[in-house]
Chemist: 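Got a structure for you, questions after.
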Amino acid sequence: MAFQSLRISRFVISVRSPIRQCHHRARALVSQMFQPTGALPKGAKQSEIVCKSHKLMLEHGLIRQSSPGIYHLLPLALRALEKLIRVIDEEMQTIGGQKLNMPCLTTAELWKETDRWTTTGSELFKLKDRHDVEYCLGPTHEEAVTHLVASQGHISQRQLPIKLYQITRKFRDEIRPRFGLLRGREFYMKDMYTFDIDEERAMETYHSVCEAYTRFLQRLGLNFVKVVADTGVIGGSMSHEFHLPADTGEDVLMFCLKCGHGANKETIDSEDAHCPNCGPSTKLESRQGIEVGHAFYLGTKYSKVFNVDYLDKNNKSRLTQMGCYGLGVTRILAAAIEVLSTDDEVRWPKLIAPYQIIIIPPKKGSKEERGQQIAEELYDSIVGKIPSLKNEILLDDRDHMTIGRRMKDAKTLGYPFVVVVGKKALQSDRLFEMCSVNTGVTSFESQDALLEIFSGIQTV
Ligand code: ATP
Ligand code: MG
């Protein structure tokens, strides 16, 4: 990559060598952050913002409403979302997922083949092109992916299982969009679609995806439950949901305290439900949850319609067995904030916090003012010595504000480590005040000790 300038017709574009750029990388400064705070969406009343994550995300400049159920993801939230996506990518690729990207616009024709053009009802965003051809904005992609895979003709048995996934925007004209990113009308979903040679293999795939979801949620440090679910409009014969237990959750889950069996209440008929494993005397307890992921075994429901088949040993055509697996990516971001935050302070799963470290230099005009340079040196030395933290440090250069005020902001935004350059940093032993926001523990550390602690930060 030794390019210095590229000549393209009449234009000369000079490009800094990547190595030089690295040395001259600008420090990330809080004063420059685009983070419009505090505003309520047009026409909304404070009393309508009833859920913690929604309120915190609006108030602290993480999201901004564009229209009901539709949001701008502002820079800090997007940083966290992109990390979340990297964790998902890792887990999907671990189980052999191949990432692709399908169009949001899907023709009505495909949806009519499965009947879902009419059965999905008014949740579908429908539109027409200039030739009067009907389309919808994809709320999910079973039709699109099955049609795509069918287009290659008979699949070779060696190619199976095929596990295709994407992380794209989905559109659903929800009756009641609410709770911010928890129930939007435009949101990000990770959707995986799998094709197997028979039911047994499809079940293996099903379990491997559920295990990947488990690992994913564990890596985020989120407490979750997996429950038996209804197959709903997507159809199929087996389904599980992953939920984060929370009072704001819109689903009611029923649990057996003895064996841990759990089911979405939608799947249970009678009011006095009992546990299928432990017998009629064991009543189920209810609890609310936010659905963050969903697994469906689809069988041949879609492969039959579009004829996705392979040739077996005897050259006989057989339909593939399908599964589909969703994760609500933007919903997970908000749900994690919902379950981890306090009423006034945002908390993130550490792995995906928008920045891992924030450094607060002294106030301008204070006795400690010369500590500002020490703060910059600390910043550069972390970047220089721990490459994985290159993009993970913020400098709160709003030096007209007191340290206390900036410390409060840093804690409110939930950056995992806050380092204050105060009086002790100017003394000969040069100690920095470090607050670990998730544990609430504050200590004084030398620069070497800080580097040691920070070298253990997990990033993605
Ligand atoms: P819900 O019951 O909450 O409406 P769903 O069962 O219709 O969701 P699926 O079709 O299973 O949703 O979609 C897969 C995942 O996408 C869900 O588990 C959820 O995390 C997420 N999701 C669904 N609808 C929304 C929405 N309106 N806003 C944000 N995320 C959503
Ligand atoms: Mg669902």
Side-chain angles (χ1 to χ4, degrees), residues 51 53-54 57 63 65-71 73 77 81 84-85 88 92 114 116 119-125 136-145 165-193 206 209-210 212-214 216-217 220 222 224-236 238-246 248-253 263-267 288-298 301-302 323-339:
C51 113
S53 56
H54 189 195
M57 293 182 88
I63 58 171
Q65 183 172 306
S66 143
S67 54
I70 301 180
Y71 292 86
L73 297 166
L81 189 81
L84 190 61
I85 289 173
I88 296 174
M92 291 300 106
T114 58
R116 290 208 295 180
T119 55
T120 308
S122 40
E123 242 183 50
L124 266 190
F125 273 108
C136 69
L137 290 171
T140 175
H141 283 222
E142 285 77 14
E143 282 80 0
V145 77
Y165 82 99
Q166 61 174 354
I167 298 178
T168 57
R169 285 170 186 269
K170 301 292 185 287
F171 301 83
R172 295 183 183 182
D173 198 357
E174 298 274 355
I175 306 183
R176 286 216 289 166
R178 57 187 183 148
F179 300 153
L181 298 187
L182 288 179
R183 184 169 298 284
R185 295 197 298 160
E186 176 174 345
F187 56 95
Y188 276 95
M189 193 202 288
K190 184 285 300 176
D191 41 333
M192 179 182 256
Y193 305 91
Y206 189 96
V209 182
C210 287
Y213 281 11
T214 298
F216 161 67
L217 293 166
L220 296 179
L222 295 169
F224 69 95
V225 290
K226 179 184 168 196
V227 299
V228 175
D230 196 14
T231 47
V233 66
I234 292 188
M238 174 149 125
S239 171
H240 286 87
E241 289 168 352
F242 290 75
H243 287 259
L244 304 191
T248 32
E250 293 185 271
D251 285 85
V252 179
L253 314 174
N264 193 312
K265 196 166 178 218
E266 294 165 358
T267 63
Q288 276 155 283
I290 304 172
E291 180 192 325
V292 291
H294 205 156
F296 293 92
Y297 169 58
L298 297 171
K301 184 176 152 112
Y302 294 89
C324 75
Y325 307 90
L327 283 178
V329 183
T330 34
R331 181 182 284 182
I332 291 168
L333 185 70
I337 291 176
E338 184 71 29
V339 298

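Both ligands and their constituent atoms are indexed starting at 1 by order of listing. Just the heavy atoms: all of them, side chains too, but no hydrogens, waters or symmetry mates, feed the values below.
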Chemist: Run the numbers for me: atoms of ligand 1, each under 4.0 Å from some heavy atom of Leu182, listed by number.
Modeler: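 Under 4.0 Å from Leu182, ligand 1 has these atoms: 28 (N), 29 (C).
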Chemist: One residue to check: Arg172. Relative to ligand 1, which of side chain, backbone, both or neither has a non-hydrogen atom less than 4.0 Å away?
Modeler: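 Just the side chain.
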Chemist: For ligand 1, does Met189 get within less than 4.0 Å through its side chain, its backbone, both, or neither, judged by non-hydrogen atoms?
Modeler: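 Looking at Met189 and ligand 1, just side chain atoms fall under 4.0 Å.
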Chemist: Using heavy-atom distances, let me know which of His294, Lys190, Glu241, Glu266 sits nearest atom 11 (O) of ligand 1.
Modeler: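 When every heavy atom of His294, Lys190, Glu241, Glu266 is considered, His294 comes closest to atom 11 (O) of ligand 1.
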Chemist: Can you tell me if Thr267 and Lys265 form a side-chain donor-acceptor pair at under 3.5 Å?
Modeler: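 The answer is no; no qualifying pair exists.
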Chemist: Heavy-atom contacts with Glu174 under 4.0 Å: which atoms of ligand 1 show up? List them by number with element.
Modeler: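 Answer for ligand 1: 24 (N), 26 (C), 27 (N).
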Chemist: With a 4.0 Å cut-off on N to O distance, would you call Arg178 and Glu250 a salt bridge?
Modeler: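 Here Arg178 pairs with Glu250 in a salt bridge, since their nearest N and O are under 4.0 Å apart.
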Chemist: At a 4.0 Å cut-off, with the gap strictly under it, does some heavy atom of Val292 reach an atom of ligand 1?
Modeler: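 A heavy atom of Val292 does come that close to ligand 1.
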Chemist: Counting only heavy atoms closer than 4.0 Å, does ligand 1 sit against the backbone of Arg331, its side chain, both, or neither?
Modeler: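 Only the side chain of Arg331 comes within reach of ligand 1.
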Chemist: Answer whether the closest heavy-atom distance between the side chains of Val228 and His240 falls below 4.5 Å.
Modeler: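 Touching, per the 4.5 Å side-chain cut-off.
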Chemist: Measuring from non-hydrogen atoms of Val329 to any atom of ligand 1, is the shortest distance under 4.0 Å?
Modeler: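 Contact absent.
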Chemist: Test Glu142 against Arg116 for salt bridge (charged side-chain N to carboxylate O under 4.0 Å, His left out), laying out the working first.
Modeler: CA-CA 10 Å; Glu142 285 77 14; Arg116 290 208 295 180; 2.8 Å; yes
Chemist: For the residue pair Phe216 and Met92, establish whether any side-chain heavy-atom pair is separated by less than 4.5 Å.
Modeler: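 With C-beta onward as the side chain, the pair stays apart.
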Chemist: Counting only nitrogen or oxygen atoms and a 3.5 angstrom limit, does Gly326 reach ligand 1?
Modeler: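 So ligand 1 has no N or O lying under 3.5 Å from an N or O of Gly326.
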Chemist: For Tyr213, give me all partners under ring pair (Phe, Tyr, Trp, His ring centres under 6.0 Å), at least two apart in sequence or on another chain.
Modeler: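 By the ring pair (Phe, Tyr, Trp, His ring centres under 6.0 Å) rule, Tyr213 matches Phe242.
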Chemist: Which ligand 1 atoms does Leu181 reach within 4.0 Å, using its non-hydrogen atoms?
Modeler: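 Heavy-atom distances to Leu181 below 4.0 Å select 29 (C).
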Chemist: Applying a heavy-atom cut-off of 4.0 Å, say which part of Thr330 lies close to ligand 1: side chain, backbone, both or neither.
Modeler: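 The answer is neither.
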Chemist: Can you sort out which atoms of ligand 1 are near Gly293, meaning under 4.0 Å from one of its heavy atoms?
Modeler: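 Selected atoms, number and element: 18 (O).
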Chemist: Any side-chain hydrogen bond (donor to acceptor under 3.5 Å, both in side chains) pairs touching residues 323-336, not counting sequence neighbours?
Modeler: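 Sorted result for residues 323-336: empty, none.
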Chemist: Considering Arg183, His243, Arg176, Arg178 one by one, which has a heavy atom nearer to atom 3 (O) of ligand 1 than any of the others?
Modeler: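 It is Arg183 that holds the nearest heavy atom.
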Chemist: Within less than 4.0 angstrom of ligand 1, does Asp251 place any heavy atom?
Modeler: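 Heavy atoms of Asp251 never come under 4.0 Å of ligand 1.
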Chemist: How about Thr248 and Glu338: does a side-chain donor come under 3.5 Å of a side-chain acceptor?
Modeler: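 The criterion, which ignores hydrogens and geometry beyond distance, is satisfied for Glu338 and Thr248.
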Chemist: Do Glu174 and Glu123 have side chains that approach each other closer than 4.5 Å (heavy atoms only, starting at C-beta)?
Modeler: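 Glu174 reaches Glu123 side chain to side chain.
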